[in-house]
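Please read the structure below before turning to the comments.
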Amino acid sequence: MTRLTKRYDKFLLTGMLAVGAILPLTAEAYVGPGAGLSLLTALWGIIAAVGMALFFVIMWPIRRMRRRRKAEAAAAAAGESSTAQARTAQDPESPPTTTRVEQAQRETPQADQRS
């Protein structure tokens, strides 16, 4: 033992005995079922919150990817439909499209007014 250890040895022993004498040996309190249920509810709430946070952090990139694919598919479908309308307008033998029917309806009343 060093000189410092011998010097503080008596204080350490006295402090430990004082703390040991102050602390009770048994718990002299009653914890009812309400406190236990409250503790369990709080614990489950914390676990659920952490679980949902992890779930949303993991699902965020997946949702972004799905939305991007859906937008790309919609853009491709819109591009195909505009191309199909352009082809239909150029082909006189194709069945009338909505735009051609609307144009025909606009032209008909004008023809009746002239005559």
Side-chain angles (χ1 to χ4, degrees):
M1 287 197 197
T2 65
R3 195 172 85 193
L4 288 175
T5 308
K6 288 181 187 178
R7 182 176 175 187
Y8 292 111
D9 193 26
K10 291 181 186 178
F11 292 117
L12 182 64
L13 182 60
T14 306
M16 288 179 60
L17 285 174
V19 170
I22 293 172
L23 292 176
L25 296 177
T26 59
E28 305 210 7
Y30 171 72
V31 178
L37 289 175
S38 298
L39 182 68
L40 286 176
T41 303
L43 178 68
W44 281 111
I46 290 171
I47 290 172
V50 169
M52 290 303 292
L54 287 174
F55 174 76
F56 282 114
V57 165
I58 291 170
M59 286 302 294
W60 183 36
I62 295 171
R63 287 176 55 210
R64 253 178 88 192
M65 180 180 63
R66 290 179 67 199
R67 285 182 183 171
R68 187 177 296 143
R69 283 186 182 173
K70 187 184 249 185
E72 288 173 358
E80 289 175 5
S81 66
S82 64
T83 306
Q85 287 177 357
R87 271 190 258 129
T88 308
Q90 291 174 356
D91 186 15
E93 296 179 5
S94 65
T97 61
T98 308
T99 54
R100 292 172 77 190
V101 170
E102 289 174 357
Q103 287 175 355
Q105 289 174 352
R106 283 187 213 136
E107 291 173 2
T108 304
Q110 291 175 357
D112 290 337
Q113 290 175 356
R114 289 181 191 162
S115 42

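In what follows, residues are counted from 1 in the order of the sequence shown.
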Notebook entry, point to check: If Ile, Leu, Val, Met, Phe, Trp and Tyr residues are connected whenever their side-chain heavy atoms lie under 4.5 Å apart, and connections chain through other members, are L17 and F11 in the same group?
Noted result: no

Taking everything shown except M65 itself, do over 12 heavy atoms lie less than 6.0 Å from its CE? yes

Under a side-chain separation threshold of 4.5 Å, the hydrophobic residues clustered together with L23 are V19

Given the rule that I, L, V, M, F, W and Y join up when any side-chain heavy atoms are under 4.5 Å apart, are L54 and M59 in one cluster?
no

With R64 as partner, the option from R67, R66, R68 fulfilling side-chain contact (heavy atoms from CB on, under 4.5 Å) is R68

Could you tabulate the donor-acceptor pairs under 3.5 Å formed by side-chain atoms of residues 36-43, not counting sequence neighbours?
residue, atom, partner, partner atom, Å
S38, OG, G34, O, 2.9
T41, OG1, L37, O, 2.8

